[in-house]
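Contents: one structure, followed by commentary.
Throughout, a chain's letter reflects where its sequence line sits, starting with A, and its residues are numbered from 1. All figures in this text were calculated on a predicted structure; none of them were measured in a lab.
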Amino acid sequence: MARRPRATFEAAPDRPPDQPPAPATMPAPRAFSSPRHTGKGFAMSWLSVKDALQAAPGSRATVKGWVRTRRDSKAGLSFINLSDGSCFGALQVVAPADLSNYESEIQKLTTSCSIEADGEIVASQGKGQSVELKADAIRVIGWVDDPDTYPIAQKRHTFEYLREVAHLRPRTNTIGAVARVRHTLAMAVHRFFHERGYFWIHTPIITGSDCEGAGQMFRVSTLDLVNAPRTNEGGVDFAQDFFGKETHLTVSGQLNVETYCMALSKVYTFGPTFRAENSNTSRHLAEFWMIEPEMAFCDLAGDADVAESFLKYLFKAVLEERPDDMAFFNEHIDKTVIETITHLIDTPFERMTYTDAVARLEKSGEKFEYPVQWGLDLQSEHERFLTEKLVKKPVILMNYPKDIKAFYMRQNDDGKTVAAMDVLAPKIGEIIGGSQREERLDVLDRRLDEMKLNKADYWWYRDLRRYGTAPHAGFGLGFERVIQFVTGMANIRDVIPFPRTPGNSEF
RNA sequence: UCCCCGAUAGCUCAACGGUAGAGCGAGCGGCUGUUAACCGCUAGGUUCUAGGUUCGAAUCCUAGUCGGGGAGCCA
């Protein structure tokens with residue numbers, strides 16, 4: 001996998017590569033000076049914990065952050081573990097008893113007080129850290145006004161409990177690590193596609209087509225729920241609604257992104273997606289982020305190749321860029337995550353037709369609760385057995401019976417199957433679902449008729465097949481499921497900052 | 001939405017029809033270049049909600065709410 005070329009912006013590491021160069025008159029941000037306004041935004045002039053931990057002993061520094069723990073020593077000093085979220089680790093700030101506010105403030109610091117500290121980076125005398133900050137001034141920015149009721153105590157909490165204090169949970173080791181990994185993966189998603197000439201298309205969040213397939217939708221309306229306008233037939237008159245018709249939150253950007261695919265060739269969506277299903281599982285959210293690439297002049301085999309290299313790129317990025325957080329997940333969440341994803345990076349994914357998968361499941365002799373039979377969709381237990389026991393790695397299943405798949409999937413020559421694929425991963429099951437799309441208008445129309453869908457509703461989608469149609473393919477990837485897989489986090493509600501699930505929209 | 005399990009101190013749990021407890025956290029004190037610190041003391045409860053059974057309910061019954069595991073739906 002080609003790494004991002006770095007030479008172009010090494011000269012200015014503080015500045016993202018896509019921003020214009022700073023004017024020569026503007027001084028480059030320097031650490032160790034006091035905050036100032038530059039007219040170009042607030043300059044971050046203190047040192048992040050991340051940088052402080054790598055700083056050379058002897059340098060002066062100011063750090064800011066939140067107290068993780070405080071330990072007093074009668075030898076005349078206190079140890080403050082300070083975290084600012086810039087990395088997994090915390091900086092040990094050593095506060096000598098001769099600080100003017102030592103007794104009045106330092107000894108009263110509790111978990112999650114915010115402070116700033118000036119001092120010198122020194123080699124640590126103790127074990128557990130190589131450098132620490134020997135403070136000569138510590139200012140308390142924000143107290144914890146009642147430590148007894150502060151919800152995140154200095155102890156282990158269950159994730160279920162932490163969800164009830166979602167506004168404070170990012171201060172914990174685990175949720176902080178998840179947030180950094182989530183960011184790294186998001187950046188890697190854009191980088192992967194950008195490097196390969198894909199364009200990010202902002203497909204709409206609000207959709208007027210109720211024909212997106214895939215499940216229950218949330219209604220978007222400004223109508224008065226109590227006194228909704230009525231049609232002559234007694235139904236709600238959506239002609240008087242904001243958009244003049246029924247609208248919902250999108251369940252997929254695919255249909256819309258296909259239009260840009262038929263112009264820009266390689267495109268993708270990455271944004272929030274909404275499903276109003278009453279799903280109560282560790283793998284479902286009502287609001288989640290989905291990535292949907294779409295490639296013109298591409299068939300199912302090409303689609304599968306992109307899916308595989310995409311996943312491997314993401315795994316590699318997270319191992320390279322977040323070794324601190326990944327070490328934590330591997331130690332405390334799932335002792336196999338690093339081994340698992342390292343292995344996957346080098347292992348070709350298994351490719352198997354649906355028909356072969358059914359045959360192998362039948363031959364396995366395994367007793368399943370639900371029957372395995374050609375024509376029926378595979379159950380979770382079947383998928384898990386396939387990927388966890390039978391082949392022990394991700395499996396790309398292809399060419400499913402047409403009756404269990406969506407109308408837009410391309411019909412194969414056998415007349416029985418469509419060019420669909422699912423990427424199944426150990427532990428979390430289906431991580432990607434995709435297909436080659438039906439580009440032949442007559443075949444598409446026949447499918448719409450068979451499935452009793454109204455052709456008129458799909459007029460613009462059908463137009464793509466009338467005006468310069470081309471074979472194309474794509475897939476959808478649940479972003480949170482990738483984060484789950486990479487971190488080993490068992491519940492999808494703990495890998496998104498504010499989970500939306502049935503009955504839960506607090507925060 | 002369906003099946004199973006659960007809800008007791010700030011948190012994690014015990015008490016299984018007869019006076020509601022522990023560990024951790026918190027407060028105070030002691031000790032210590034400490035680091036999941038250690039030792040002592042203290043505070044902290046309308047046992048999820050609403051009904052019911054019983055002389056007596058945290059405990060048994062019914063309904064609801066919320067959480068977990070599994071299933072369906074899917075990403």
Side-chain angles (χ1 to χ4, degrees), chain A residues 68-82 89-97 107-108 110-111 122-129 132 134 144 146-165 168 172-173 213-216 251-254 269 272-292 307 332 368-370 377-384 404-406 422-425 428-434 475-485 490-493 496 501-504 506:
Chain A
R68 273 284 170 73
T69 62
R70 188 201 86 237
R71 293 176 297 278
D72 300 325
S73 168
K74 278 298 178 301
L77 65 167
S78 290
F79 300 95
I80 298 163
N81 263 73
L82 191 71
L91 176 69
Q92 176 156 285
V93 175
V94 181
Q107 290 196 298
K108 297 193 167 88
T110 58
T111 300
V122 297
S124 180
Q125 296 173 35
K127 290 178 182 138
Q129 61 279 320
E132 60 195 21
K134 189 169 181 298
V144 169
D146 183 4
D148 192 32
T149 60
Y150 176 64
I152 313 255
Q154 183 200 329
K155 57 163 283 181
R156 209 180 115 55
H157 291 288
T158 60
F159 294 130
E160 292 81 21
Y161 168 70
L162 289 176
R163 277 175 225 145
E164 296 170 13
V165 286
L168 297 169
T172 63
N173 280 337
Q216 289 294 111
V251 294
S252 163
Q254 182 201 317
T269 70
T273 310
F274 308 87
R275 306 266 167 101
E277 246 97 42
N278 193 1
S279 287
N280 292 290
T281 81
S282 57
R283 309 184 310 284
H284 288 88
L285 291 164
E287 176 182 277
F288 65 100
W289 286 59
M290 189 153 66
I291 299 146
E292 296 173 290
H332 294 285
F368 296 110
E369 190 183 342
Y370 293 90
D377 210 354
L378 295 180
Q379 302 289 312
S380 288
E381 56 170 344
H382 306 144
E383 295 181 345
R384 246 188 337 219
I404 59 173
K405 289 293 181 182
D422 281 356
V423 180
L424 310 178
I428 56 170
E430 186 182 337
I431 191 168
I432 281 180
F475 60 83
L477 171 77
F479 187 49
E480 284 75 16
R481 290 196 180 167
V482 182
I483 305 172
Q484 272 191 281
F485 186 75
N491 197 309
I492 200 166
R493 301 170 186 202
I496 189 167
T501 51
N504 190 345
E506 190 70 33

Tell whether A:Q129 reaches the base of B:U34 with its side chain through a donor-acceptor pair below 3.5 angstrom.
yes
Look at the side chain of A:R481 against the base of B:C74 and say whether a donor-acceptor pair falls under 3.5 Å; ignore hydrogens and angles.
yes
Please tell me which of the listed nucleotides, B:U32, B:A71, B:G69, lies nearest to the side chain of A:D72?
B:U32
Taking the side chain of A:Q125 as heavy atoms from C-beta outward, which of B:G68, B:G33, B:A75 is closest to it?
B:G33
Separation of [X] atom [atom1] from [N] atom [atom2], in whole Å?
X      : N     : atom1 : atom2 : value
A:M290 : B:C74 : CE    : P     : 13 Å
A:N504 : B:G68 : CG    : C1'   : 14 Å
A:Y370 : B:G72 : OH    : C1'   : 7 Å
A:K405 : B:C73 : NZ    : P     : 11 Å
A:D146 : B:A26 : CG    : C1'   : 9 Å
A:L77  : B:C31 : CG    : P     : 15 Å
A:F479 : B:C74 : CZ    : C1'   : 19 Å
A:H284 : B:G69 : NE2   : C1'   : 15 Å

Any strand is fair game: report the nucleotide pairing with [N] by Watson-Crick or G-U wobble, both distances under 3.5 Å, or none.
N     : answer
B:G17 : none
B:C2  : B:G70
B:U54 : none
B:A7  : B:U65
B:U12 : B:A22

What residues form a salt bridge (charged side-chain N to carboxylate O under 4.0 Å, His left out) with A:K405, not counting sequence neighbours?
A:D422
Within the structure shown, what part of the strands sits under 4.0 Å from [X] by heavy-atom distance: base, sugar-phosphate, or nothing?
X      : answer
A:G476 : sugar-phosphate
A:I291 : nothing
A:E160 : sugar-phosphate
A:R493 : sugar-phosphate
A:E292 : nothing

With the side chain counted from C-beta on, respond yes when A:L168 and A:Y150 share a heavy-atom pair under 4.5 Å apart, and no when they do not.
yes
Which value, in whole Å, describes the distance between the [atom1] atoms of nucleotides [N] and [M]?
N     : M     : atom1 : result
B:C60 : B:A26 : C1'   : 37 Å
B:G18 : B:G27 : P     : 37 Å
B:G6  : B:U59 : P     : 13 Å
B:C2  : B:G25 : P     : 42 Å
B:A57 : B:C61 : C1'   : 11 Å
B:G17 : B:C55 : C1'   : 12 Å
B:A37 : B:G70 : P     : 32 Å
B:A7  : B:U42 : P     : 30 Å

Please check this pair: side chain of [X] against backbone of [Y], looking for a donor-acceptor N/O pair closer than 3.5 Å.
X      : Y      : result
A:E480 : A:F288 : no
A:T501 : A:N504 : no
A:E287 : A:T273 : no
A:R481 : A:R283 : yes

Is there a stack between A:F79 and B:G33, judged by ring centres under 5.5 Å and planes under 30°?
no
Are a donor atom and an acceptor atom from the side chains of A:E292 and A:S252 found within less than 3.5 Å of each other?
yes
Using the ring centroid of each side chain, check whether A:Y370 and A:H382 are separated by less than 6.0 Å.
no
For A:L477 and for A:A490, locate the closest nucleotide of RNA chain B by heavy-atom distance; then report the residue assigned to the nucleotide nearer the 5' terminus.
A:A490
Name all residues meeting the side chain to side chain donor-acceptor pair (under 3.5 Å) criterion together with A:N491; count only those two or more places apart in sequence or in a different chain, and write none if there are none.
none
Taking only side-chain nitrogens and oxygens of [X], does any of them come within less than 4.0 Å of OP1 or OP2 of [N]?
X      : N     : answer
A:Q379 : B:G72 : yes
A:R156 : B:C13 : no
A:S73  : B:G33 : yes
A:R283 : B:G72 : no
A:T69  : B:A36 : no

Straight-line distance of A:R70 CZ to A:L82 CG, nearest 0.5 Å:
14.0 Å
Per-nt protein contacts along nucleotides 1-10 of chain B (heavy atom under 4.0 Å; B base, S backbone sugar-phosphate only, - none) come out as B--------B
